[in-house]
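Side chains are part of it too, since the values below use all heavy atoms of this structure and drop only hydrogens, waters and symmetry mates. A, B, ... follow the sequence lines: proteins, then strands. Residue 1 opens every chain.
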Amino acid sequence: MIDSKHETIMGGNEAIARGALEAGIGFCASYPGTPSTEITTILLDFAEEHDIYVEWSVNEKVALEAAAGASWAGVPALCPMKSLGLNVASDFLLNLNLSGTGTGGLVIVVCDDPRGHSSSNEQDSRFYAKAAQIPLLEPSTYQEAKDLVPFALRLSQKYEVPVLIRSTTRLSHSRGLVIMGDIPKREWKAGPLKDDLFNVPAPHFKHRDLLGKMEQISKTFDESKWNTNPAEKDLDVLIISSGISRRYSQEAIHLLSSKDIGILNLVTTYPLPRRSVVDALKKTRRVLFSEEINPFVEDEVRSLAIDLDNVPEFHGKRTGAIPTFGEMTTDVMQGAIANLKNIKLDKRNKIDSYILIPRPLTFCPGCTHRNFYWAVRKVRKRVGDKLVVAGDIGCYSLGVFYDRAMTTMQAMGSGIGVATGLGQLERFGFDAKILAVAGDSTFFHACIPGLINAKHKNSNLTFVILDNETTAMTGFQTHPGALHQESNQKRVKIEEIIKAIEPDFYARSDANNIPELIDLLHSTINKDGLKVLLLDSVCVLEEARRDPIVKETYFRIDEDMCIGEKCLICVSEFACPAISWDKTMGHPVILDQLCVQCGACVAVCPHDAIKEERVQ
Amino acid sequence: MRDPFNILVAGVGGQGNLVCGRVLADASAQSGLRPVVGDTFGASRRGGSVLTHLRIGKTDWAPLIPKGEVDILLGLEPLEALRAALEFAGDRTVAIISQTKIPTVDVNNEKYEYPSLEKIIDSLNKLCKQVIVLDAEETLTRIGSMKMLNSYILGAMGALTQSPLPLKIIRESLQSIFGSSSANIVAFDEGSEIVH
């Protein structure tokens with residue numbers, strides 16, 4: 001980002017970060033999660049230059065609480081997170097809304113992930129705005145993504161309510177031209193807290209007061225320049241769009257050269273700018289809703305229209321005109337408009353796609369998570385398939401694709417939580433061994449209460465922590481247990497936390513040593529009580545990022561030892577991307593460009609056919 | 001130039017899709033046009049497919065190219081080029097693809113067979129107006145490595161009569177990212193000479 005009045009190419013998240021600087025925020029707390037991560041990464045890069053405090057918090061709830069603390073003390077605060085993060089923070093949010101944010105101001109940015117490109121669900125987080133009764137803003141352009149942050153902060157400061165900005169993947173992760181503004185001189189100073197920052201003994205009155213504020217905010221939204229009305233007076237179809245769906249709607253109209261169709265684009269989507277919406281509804285015969293994930297605006301507009309004399313025809317997710325799941329696209333809008341207008345779309349000739357094969361995601365070459373799941377596979381065989389693996393969220397979630405090594409995988413910390421329940425079921429005849437798996441960043445985020453519950457209730461399970469000492473999935477953000485810490489941060493060791501909980505059995509081992517790993521895992525699950533294994537793991541990407549690999553050795557297949565097609569264990573079962581099957585040669589080959597010389601495959605080959613050699 | 005002019009870059013994580021998008025967006029802005037670049041890169045670090053949608057025009061277009069509306073398809077990998085073409089190619093699509101395959105994990109374990117290059121090109125010819133196949137392996141291995149395929153293919157695209165952006169401006173944008181002495185510039189120049 002270059003500080004100038006000229007237009008600069010910016011991603012949606014970059015624009016939000018720039019907007020936060022132009023708003024004059026002093027505090028940002030966040031937990032990484034796609035597609036929101038870049039907002040905080042960029043602010044971290046600018047923290048020193050602009051003298052702001054930015055942290056990767058231990059989870060989103062702590063991040064929101066920390067940000068509220070700053071706001072209460074008069075420091076403008078930002079709290080970006082992904083969709084699922086807001087679930088974690090929601091307990092606090094639904095209290096903060098009543099307590100108020102104090103004078104600093106607090107803007108929450110939530111990035112939803114329609115289609116779940118990088119998420120375990122496709123949730124619409126806008127319902128939190130309705131649940132908490134707080135204002136919701138949805139940028140539809142890169143420029144708005146930037147400019148809405150200062151507006152949201154002023155709104156929060158004026159009404160002392162948290163303000164939610166919602167982006168979606170395609171806005172956060174696409175780029176366009178943005179005109180930058182100036183970064184203001186600091187006018188705030190941290191000061192004393194008010195003495196009513198709690199909701200008891202009369203939360204219902206706090207609720208009443210919040211609703212009063214929202215009534216006023218709805219009126220200011222009616223005057224807002226953010227919402228764009230259609231220019232036309234008499235419309236056949238009015239599209240009510242929000243977020244990036246605005247662009248898809250505009251392009252669909254262009255492609256179909258449709259007449260008598262206009263767009264009311266709403267940026268202030270909750271509370272609805274009621275007068276603007278009612279005025280627009282009066283000018284049209286039909287309405288088509290264009291928004292991502294759930295019919296949020298659609299339902300709000302429908303309930304508003306109940307009081308009108310002439311209600312237009314409504315088409316949207318509620319009527320099946322727009323698919324109720326998946327991403328919005330220009331093609332979806334084109335199809336919906338064509339249906340309403342009885343336009344026949346040119347169907348492209350479908351050609352056979354039978355030769356297309358999938359390209360599944362996999363663990364990187366040298367990733368020790370593969371070693372762990374290899375060990376799980378071996379142990380599963382040894383116990384006659386009587387093994388349940390309760391998984392968690394991170395790179396190791398790819399275990400669901402690896403020979404279905406993972407049985408369950410839901411939310412952050414859910415593996416150990418689910419396992420504590422399963423660990424009580426022996427009394428009802430449950431006879432499988434229970435293994436819970438989590439990574440290091442996830443351990444700090446949400447696993448500690450579950451682990452304590454397991455200890456306290458004497459749950460019979462094994463908890464494995466794959467500790468690669470970084471938040472690998474989202475791009476190597478630091479966390480309390482990370483190997484590399486900033487000079488002002490203190491490392492918290494996972495091992496010390498486990499020891500303090502005093503499991504019945506605890507061992508620490510090297511995830512690079514496959515034979516040892518298999519035996520340790522097997523002997524551990526056969527013990528009774530709460531067992532915890534801490535596996536020293538390696539993220540090759542993180543290592544290569546800090547310290548480029550110097551190849552001193554290389555690996556090759558010994559053709560005399562390899563039995564070729566009769567075996568295929570290294571290629572088809574271990575499935576490291578650096579080992580490829582060479583049909584013409586009749587044996588596997590190690591792809592030197594991909595191999596990181598971890599040597600894990602040596603132990604995997606039952607015929608000792610993988611050899612390590614020194615580079616000449 | 002059509003408005004919008006649509007370029008789709010298809011490849012595998014690690015091939016430098018995103019850099020292609022950055023270079024072309026910068027070159028568009030330098031040419032006084034408004035670029036919009038949409039990336040699907042959630043899976044890029046773990047060997048998955050990566051698509052970069054580039055829209056160039058006088059106004060901001062949506063971040064995804066509508067089906068059938070691709071003007072130029074840059075295929076960094078044959079299978080990924082086919083995957084992208086099946087979804088997005090149309091009557092006016094000119095495809096420039098590298099013929100160097102990157103096997104999938106499933107191919108390694110023989111669950112699926114990677115289709116032959118002939119079959120892929122045959123399907124691409126049915127889906128697109130024109131298909132240009134590049135054999136860059138020898139040249140790029142000589143210059144450095146296949147990692148520079150993205151620069152090479154940008155050079156090839158810039159030399160096409162259909163290119164919406166002048167070769168010189170794309171080259172300058174590439175230089176602003178890699179520096180003028182980078183082997184990527186050599187790869188770009190080699191690529192630009194291959195297409196006539």
Side-chain angles (χ1 to χ4, degrees), chain A residues 7-9 11 34-35 113 117-119 141-142 169-171 173-177 244 246-252 254-255 327 329-331 334 346 348-349 351-353 355-364 395 398 472-473 475 541 568 571-573 575-577 579-581 588 591 593, chain B residues 4 12-13 21-22 25-26 28-29 34-43 45-49 53 55 59-69 77 79-80 82-83 86 89-91 102-116 119-120 122-123 126-127 145-147:
Chain A
E7 285 184 291
T8 307
I9 300 171
T34 316
D113 189 13
H117 288 283
S118 309
S119 308
T141 66
Y142 313 101
T169 304
R170 295 298 178 187
L171 180 68
H173 280 180
S174 66
R175 309 157 69 77
L177 290 169
I244 196 73
R246 171 195 193 170
R247 287 279 183 244
Y248 300 129
S249 307
Q250 283 172 333
E251 187 157 1
H254 166 82
L255 283 169
E327 274 191 297
T329 61
T330 299
D331 300 297
Q334 223 184 323
D346 286 342
R348 287 195 308 142
N349 290 330
I351 81 141
D352 285 340
S353 57
I355 62 167
L356 202 62
I357 59 168
R359 188 177 290 281
L361 301 183
T362 184
F363 299 111
C364 307
C395 286
L398 292 178
M473 190 79 193
L541 292 177
L568 290 175
V571 261
S572 94
E573 288 184 28
C576 173
I579 309 177
S580 181
W581 175 246
L591 305 173
Q593 281 207 346
Chain B
V12 177
R22 263 177 72 192
D26 186 67
S28 308
R34 298 190 69 86
V36 169
V37 196
D39 292 310
T40 305
F41 62 81
R45 281 213 171 87
R46 281 141 205 105
S49 312
H53 295 245
R55 323 291 313 274
T59 55
D60 284 0
W61 294 93
L64 295 176
I65 301 170
K67 288 181 197 303
E69 296 288 325
E77 204 276 340
L79 182 67
E80 294 318 309
L82 177 61
R83 197 186 312 282
L86 277 163
D91 303 338
I102 297 177
T104 69
V105 193
D106 285 342
V107 168
N108 279 343
N109 68 28
E110 288 207 320
K111 198 154 101 197
Y112 296 99
E113 194 174 351
Y114 192 108
S116 72
K119 275 188 185 162
I120 292 179
D122 193 42
S123 296
K126 286 181 198 158
L127 292 159
S145 81
M146 284 301 282
K147 290 213 164 108

What's the shortest heavy-atom distance between A:R170 and B:D39, and which atoms? NH1-O, 3.8 Å
Below 4.5 Å from any heavy atom of chain A, which atoms of B:A25 appear? Answer side chain, backbone, both or neither. both
In short, A:I357 meets B:Y114 closest at the heavy-atom pair CD1-CA, 3.9 Å
Out of curiosity, A:Y142 OH to B:D60 CG, how far, rounded to the nearest 0.5 Å? 7.0 Å
Nearest heavy atoms of A:R359 and B:G48, plus distance in Å: CD-C, 4.1 Å
Here the gap from B:S123 atom OG to A:L356 atom CG, rounded to the nearest 0.5 Å, amounts to 9.0 Å
Could you tell me the separation between the OG1 atom of B:T40 and the NE2 atom of A:H173, rounded to the nearest 0.5 Å? 10.0 Å
Against chain B, label A:L177 side chain, backbone, both or neither, depending on which of its atoms sit under 4.5 Å from a heavy atom there. both
For atom CG of B:D91, is the number of surrounding heavy atoms from other residues, nucleotides or ligands below 6.0 Å larger than 12? no
Passes side chain to side chain contact (heavy atoms under 4.5 Å, CB included), B:V36 versus A:R247? Steps please. CA-CA 11 Å; B:V36 169; A:R247 287 279 183 244; over 6 Å; no
Select one option (side chain, backbone, both, neither) describing which atoms of A:L171 are under 4.5 Å from chain B's heavy atoms. neither
Taken to the nearest 0.5 Å, the spacing of A:T329 OG1 from B:I65 CD1 works out to 12.5 Å
What pair of heavy atoms forms the shortest contact from B:G38 to A:S174, and how long is it? CA-CB, 3.7 Å
Taking C-beta and beyond as the side chain, do A:Y248 and B:P63 meet within less than 4.5 Å on heavy atoms? yes
Non-hydrogen atoms of A:T330 and B:P66 that approach each other most closely: CG2-CG, 3.8 Å
Spacing of CD1 belonging to B:I102 relative to OG belonging to A:S580, to within rounding of 0.5 Å: 12.0 Å
For a 4.5 angstrom cut-off between non-hydrogen side-chain atoms, does B:K67 reach A:Q334? no
Rounded to the nearest 0.5 Å, the NE2 atom of A:H254 sits from the CH2 atom of B:W61 at a distance of 3.5 Å
Whatever's closer than 4.5 Å to a heavy atom in chain B on A:P358 counts as both
Should we say atom CZ of B:R22 is surrounded by more than 12 heavy atoms from elsewhere, each under 6.0 Å from it? no
Determine, stepwise, if the pair B:R55 / A:E251 fulfils side chain to side chain contact (heavy atoms under 4.5 Å, CB included). CA-CA 12 Å; B:R55 323 291 313 274; A:E251 187 157 1; 2.5 Å; yes
Out of B:K147, B:K126, B:H53, B:E80, which one racks up the most heavy-atom pairs below 4.5 Å with chain A? B:E80
